[in-house]
Amino acid sequence: MKRTVITPRTLRGFADVMPSAGRRRRQLLEVLEEVYTSFGFEPIQTPAVEYAEILKGKGGTESDKQMFEFEDKGGRRVALRFDLTVPLARFVAQHESELTFPFRAYNIGYVWRGDRPQRGRYREFLQSDADIIGVSGITADAEILTIIATALGRMDIGPFTIRLNNRKILNGVLTRLELQDRVPPVLRALDKVDKIGPAAVADELAGAGVTAAAAQDLLALIGSVQASNEATLSHVGASVKGSAEGETGVAEVREVIELVSAALGAPAPIRFDPSIVRGLDYYTGMVFEAVHDEAPGAGSISGGGRYDDLASVYTTSRLPGVGVSIGVSRILSVLDGLGRLSDLPRDRTLVVLTQDLGSDRPELMRLAAAIRGAGPFDVELYPAAVKHATQMKYGDARGARFLLTLDADGTMSVKDMESGERASAAPAGVPALLSKLAGGA
RNA sequence: GUGGGCGUAGCUCAGCUGGUUAGAGCGCCAGGUUGUGGUCCUGGAUGUCGGGGGUUCGAAUCCCCUCGCUCACCCCA
C-alpha cells in the first residue's frame, strides 16, 4: 500500500532560507544592528498585521493594489504591512507622548507585497529600516546616508552606488512650468528615461498634456548626469534658475554630499542623479536608492528619503521624518546571483565529537561544554553512536576543523581536518590543545 | 494586471525533422578501507518525461487546455 503524501511546496513568491543564505543573512543583520546602534538608534518593532485603514492610502494606489488584505475572524479589515515606514508613522503618532524627539529608531522585519515575483523580488521579504523623526534639517538626511554607506561597506558585499536626488528640484521646475497638477504622471514618465529613451519619454509627456517646450526642459534637466557630482550640480543648478524651491533642492543635494563625505572621511559613494524619482508618494525632499555596481539590473538594494507629512494622517502634530530601507532579502539575492552567497568563512572553529556505543557520554558532554567555554569554538556532539567513518564524513561535510574521538584508554584523539594530522591528549588538556592548534594555523 | 520563454532522475541538463527497454554529469547508497574524512576504483537505486485531453499504427517529441516556474512591463527592497 502506498502512502500518499502532500507535495511539499511554498507559495509563489515565498521562499525558504537555506543554511548558506541563513549564515549570510545573520552576518548582514549583525552589521546592521551594530551600525544602527553606533549611530544611537533604538530597536523597535511593529506588528506584521495592522488595521487596513492604517496602512492603505499612504504609499500610493500601486501599494494599495499590492497589499495583502483580508478579514479577521472578528470581521475587521486587516492587512499585512507593505513596508516599515507607514507603520512607523503610526507608531510615532500613537506613542508621541512617550518618545524623546528627535526620535531615532530602527526596525527589522518582513513585509509583504502581492506583485509578480522575479529574481530578487519576493512577496515576503526582509527589510531593515532606520528613521529619524521630528526634525526637517538636512543634518538628519546626511546621517541617514552615512548609515547606509557605512552599513553596506561593512557588509562586505562589493562596490555599490547611492543615487541621490531631491524632490524639490523637480517640484520646483514643474511649478515653474505650471505642471504642478500633473506631478505623478510626469514623474512616472521621467523615471523611464533609462529604459525607453528620451524620445519615448517625450511622447509620454505629450500624452500627459505637457507642451513640447516644457518636455525639452524636463529632459534636459534629468539628462544632465555628468562625470562628477559638481558638474551635474552646476548643470542642474542652471536649469532650476528662477525657482526658489528648485534652487533649495540643488543646494541641499550639494550640502548633503559634503556632510556625508566629511562623516566618512572619504568621498561619499553617492552620485547625484536628477532622474531618480521613486514611486512612493510620501517623499518630499531627498530621495535615493542604492544599487550594487556589479548587479545594477537586480534593482535597488536600499532606498529611502525624506517625508515631511507622513504622520499627519494620524496626528495633528508635525512629525517630519527621514529614513532608509535596506533590502536584506534583495542583497542576499544579489549575492546569490554573483555566486558569492556561501563564500562567507565560518567565524568560529567548528569541532565535532564522535561517539560509539561504549563511550563515556557524561565525559563527552562535559568536554563539549569545556571547549565551548575555552574560546571561539562551536562544538557539536554527533548525536548517535553510528559507524565511525560516517561520523568522520559528517564532520568533513559540515566543514569541521577538528574531529574528536575518545579512545578506549580514556585519552582523546584529535584529528585536524585541515592538515590531516592527529594528536592526542588527556580530556582535561583538550581545550588548550585546540586553542593552540587553531591559533597556530 | 499585460506580454514572452520554459517544465525530462534529488540537482544541472541532453534527447535531431514523432519510431523499439528514456540518457549523461553531479549528488545519493553500498563495497574496496569492520574506530579516523576529503582523492581514487567498483557496483547500485531513482523517472506518473508537470497534469488532462486530442492527432497518430506509434507521442518526452505535434495540437489544445490547465497548473507551475521564469523573464519583461508596472512597481520597487
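Nothing here was measured: the structure is a model prediction, and the numbers come from that model. Labels below follow one simple rule: chain letters A, B, ... track the order of the sequence lines, proteins then strands, and each chain is numbered from 1.
Rounding to whole angstrom units, CG of residue A:Leu335 and P of B:A77 are separated by 18 Å. What separates CG of A:Asp64 from C1' of B:C74 is a distance of 16 Å, to the nearest Å. Counting to the nearest Å, the C1' atom of B:U2 and the CZ atom of A:Arg116 are 8 Å from each other. Separating the CZ atom of A:Arg12 from the P atom of B:C71 is a distance of 10 Å, rounded to the nearest angstrom. Here B:A77 presents its P atom at 11 Å from CD of A:Gln66, a figure rounded to the nearest Å. Taking atom CG of A:Leu350 as the reference point, atom P of B:G37 lies 18 Å away to the nearest angstrom. Across the protein-nucleic acid pair, A:Arg121 atom CZ and B:A77 atom C1' stand 9 Å apart, rounded to whole Å.
By the 4.5 Å heavy-atom criterion applied to side chains, A:Ser325 and A:Asp83 are not counted as neighbours. Taking the side chain as every heavy atom from C-beta outward, A:Asp416 and A:Arg401 approach each other to under 4.5 Å.
To the nearest 0.5 Å, atom CZ of residue A:Phe41 and atom OH of residue A:Tyr36 are 8.5 Å apart.
Nearest to the side-chain atoms of A:Arg422 among the listed nucleotides B:G37, B:U2, B:U36 stands B:U36. Distances from the side chain of A:Ser325 to the nucleotides B:A77, B:G37, B:C69 place B:A77 closest. Side-chain proximity of A:Asp115 to B:G37, B:C75, B:G35: nearest is B:C75. Of the listed nucleotides (B:C76, B:G35, B:G37), B:G35 has the atom at the smallest distance from the side chain of A:His388.
Between A:Glu294 and A:Arg340 there is a salt bridge, since at least one side-chain N of the basic residue sits less than 4.0 Å from a carboxylate O of the acidic one. The residues A:Glu69 and A:Arg77 are annotated as salt-bridged, a charged nitrogen and a carboxylate oxygen being separated by less than 4.0 angstrom.
Looking at every heavy atom in both residues, A:Ala215 comes nearest to A:Val210 through N-CG1, 3.7 Å.
Scanning atom types as modelled, no donor and acceptor separated by under 3.5 angstrom connect the side chain of A:Asp396 and the base of B:G38. Evaluation of atom-type donor-acceptor distances gives no pair under 3.5 Å for the side chain of A:Arg113 against the base of B:C75. The base of B:U36 sits with one of its N or O atoms less than 3.5 Å from a complementary donor or acceptor on the side chain of A:Ser413.
Contact annotation: A:Lys387 side-chain N/O to B:G31 OP1/OP2 distance is under 4.0 Å. The side chain of A:Gln118 places an N or O atom within less than 4.0 Å of a non-bridging phosphate oxygen (OP1 or OP2) of B:A72.
Each of A:Arg123 and A:Arg119 was assigned the nucleotide of RNA chain B with the nearest heavy atom; the assignment lying further toward the 5' end belongs to A:Arg119. Comparing A:Glu289 and A:Ala389 by the nucleotide of RNA chain B whose heavy atom lies nearest to each, the residue mapping closer to the 5' end is A:Ala389.
Base-pair partner of B:U20: not found among the strands shown (Watson-Crick or G-U wobble, both distances under 3.5 Å). With a cut-off of 3.5 Å on both Watson-Crick or G-U wobble distances, the partner of B:G27 is given as none. Under the Watson-Crick or G-U wobble criterion, with both distances below 3.5 Å, B:G1 is paired with B:C73. When both distances must be under 3.5 Å, the Watson-Crick or G-U wobble mate of B:A59 does not exist.
The same atom, P, is picked in B:A24 and in B:U33; the two are 28 Å apart, to the nearest Å. Rounded to whole Å, the separation between the P atoms of B:C41 and B:G25 comes to 12 Å. Using atom C1' as the reference point in both B:G38 and B:A22, the two lie 34 Å apart (nearest Å). Taking the P atoms as reference points, B:A60 lies 12 Å from B:C16, given to the whole Å. Distance check on atom P: B:U12 versus B:U70 gives 12 Å, rounded to whole Å. Rounded to whole Å, the separation between the C1' atoms of B:U61 and B:U20 comes to 16 Å.
A:Tyr394 comes within 4.0 angstrom of no nucleic acid atom, judged by non-hydrogen atoms across all strands. Nucleic acid contact class of A:Ser300 (heavy atoms, under 4.0 Å, all strands): sugar-phosphate only. Residue contacts shown for A:Gly303 are limited to sugar-phosphate atoms, with no base heavy atom under 4.0 Å away. Using a 4.0 Å heavy-atom criterion, one finds that A:Leu406 contacts the bases of the nucleic acid, with or without backbone contacts as well.
A:Asp309 and A:Thr284 share no donor-acceptor pair across their side chains, judged by distance under 3.5 Å alone.
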